[in-house]
Amino acid sequence: DDLASVELVQRELRAAGINPAIHRVETKQEFLQQLQQRTPDLILSDHGLPEFDGFSALAIAQAACPAVPFVFVTGRHGEDEVVEALQRGARDYVLKDRLSRLRPAVERALRAVESGQVEYIRSQIPDEFLNDFNGWVKEIEDTRERILREVKATFDSAPKGSRKDF
């Protein structure tokens, strides 16, 4: 995107308490180089770059780093473009004249990634271990409840003057 828009986006994110490391690109080659150098946490893109368009960037990002959320931040208001962007896999679409919506869009996108990572980790844990673990948790909860009942019974049976010792 143009430098002024990048600065506006950066200012909006910082005001929201998000301190991004922004790597601005203008061409397909620069975008590919950035993706080879590091996997971003999030990709923000305009639709209409002078030498590169947002839909091409989205397709490349989906191939290179499919788990990274892609959010369009653009001045284009067409409903058809929003629908197409979301259908093609963009996580969200924020208009430049409504940058106050950027923070929630970024937070939703990052939460979705985090939730996907948790689900992936869960899928790697063998069911037998989870069954054993759940059994241990149940035993601990049962023991805790038994101890609480015993303490309550002892307290209730103690003479009223000695209850302050409990």
Side-chain angles (χ1 to χ4, degrees), residues 6 8-25 31-46 54-55 57-74 79 81-95 98-166:
V6 171
L8 284 173
V9 165
Q10 190 169 25
R11 191 174 313 126
E12 184 68 30
L13 290 173
R14 284 191 175 144
I18 300 168
N19 193 17
I22 294 178
H23 302 276
R24 180 176 169 265
V25 300
F31 186 59
L32 290 168
Q33 286 173 344
Q34 284 294 321
L35 292 178
Q36 288 172 351
Q37 290 175 6
R38 71 188 56 78
T39 300
D41 295 322
L42 174 73
I43 297 172
L44 302 176
S45 176
D46 194 352
F55 284 129
L58 175 59
I60 291 168
Q62 288 176 324
C65 46
V68 175
F70 192 102
V71 175
F72 279 104
V73 181
T74 186
E79 184 179 319
E81 287 174 336
V82 174
V83 170
E84 184 177 357
L86 298 175
Q87 286 176 339
R88 288 191 184 195
R91 180 72 62 183
D92 218 320
Y93 195 102
V94 177
L95 297 173
R98 294 192 178 101
L99 281 180
S100 62
R101 296 181 181 173
L102 183 59
R103 175 187 181 178
V106 166
E107 289 173 344
R108 276 191 307 272
L110 295 176
R111 267 195 315 272
V113 168
E114 185 177 290
S115 142
Q117 290 171 342
V118 168
E119 187 53 38
Y120 171 77
I121 291 168
R122 161 55 190 100
S123 73
Q124 301 304 304
I125 300 172
D127 287 336
E128 304 83 51
F129 176 79
L130 287 176
N131 291 337
D132 289 346
F133 179 78
N134 289 335
W136 299 329
V137 169
K138 174 105 174 78
E139 284 181 41
I140 291 168
E141 288 172 345
D142 291 348
T143 301
R144 180 182 164 273
E145 289 299 317
R146 181 182 51 77
I147 291 170
L148 286 173
R149 282 192 306 273
E150 289 173 7
V151 168
K152 184 178 182 328
T154 302
F155 179 79
D156 289 345
S157 67
K160 291 190 190 246
S162 65
R163 286 186 183 181
K164 65 181 177 194
D165 296 336
F166 281 96

**Student:** Using the ring centroid of each side chain, check whether Phe72 and Phe55 are separated by less than 6.0 Å.
**Tutor:**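 Yes, the ring of Phe72 comes within the 6.0 Å limit of the ring of Phe55, centre to centre.
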
**Student:** Could you list the residues that satisfy side-chain hydrogen bond (donor to acceptor under 3.5 Å, both in side chains) with Glu107, not counting sequence neighbours?
**Tutor:**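 Once residues adjacent in sequence are excluded, the partners of Glu107 under the side-chain hydrogen bond (donor to acceptor under 3.5 Å, both in side chains) criterion are Arg103.
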
**Student:** State, yes or no, whether a side-chain contact exists between Gln37 and His23 at a heavy-atom distance under 4.5 Å.
**Tutor:** no

**Student:** Got a sec, which residues hit side-chain contact (heavy atoms from CB on, under 4.5 Å) with Gln87, two or more places apart in sequence or on another chain?
**Tutor:**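 Gln87 satisfies side-chain contact (heavy atoms from CB on, under 4.5 Å) with Val83 only.
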
**Student:** Are any non-hydrogen side-chain atoms of Val73 and Leu99 less than 4.5 angstrom apart?
**Tutor:**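 In contact.
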
**Student:** Please identify each residue that fulfils side-chain contact (heavy atoms from CB on, under 4.5 Å) with Arg144, with sequence neighbours left out.
**Tutor:**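 Per chain and number, Arg144 pairs via side-chain contact (heavy atoms from CB on, under 4.5 Å) with Leu148.
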
**Student:** Could you tell me which residues satisfy side-chain contact (heavy atoms from CB on, under 4.5 Å) with Ile140, sequence neighbours excluded, listed by chain and number?
**Tutor:** none

**Student:** Taking side-chain hydrogen bond (donor to acceptor under 3.5 Å, both in side chains) as the test, write out the residues that go with Gln36, two or more places apart.
**Tutor:**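 Per chain and number, Gln36 pairs via side-chain hydrogen bond (donor to acceptor under 3.5 Å, both in side chains) with no residue.
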
**Student:** Output every pair passing salt bridge (Lys or Arg N to Asp or Glu O under 4.0 Å) with a member in residues 11-21, not counting sequence neighbours, ordered by first then second residue.
**Tutor:** none

**Student:** So, using salt bridge (Lys or Arg N to Asp or Glu O under 4.0 Å) as the criterion, who are the partners of Glu150 when residues are at least two apart?
**Tutor:**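 Applying salt bridge (Lys or Arg N to Asp or Glu O under 4.0 Å) to Glu150 gives Arg146.
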
**Student:** What residues, two or more places apart in sequence or in another chain, satisfy side-chain contact (heavy atoms from CB on, under 4.5 Å) together with Leu95?
**Tutor:** His77, Tyr93, Asp97, Arg98

**Student:** Report the residues that fulfil side-chain hydrogen bond (donor to acceptor under 3.5 Å, both in side chains) with Gln62, sequence neighbours left out, ordered by chain and then residue number.
**Tutor:**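 Per chain and number, Gln62 pairs via side-chain hydrogen bond (donor to acceptor under 3.5 Å, both in side chains) with no residue.
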
**Student:** Check whether any side-chain heavy atom of Leu35 sits under 4.5 Å from a side-chain heavy atom of Pro40, and report yes or no.
**Tutor:** yes

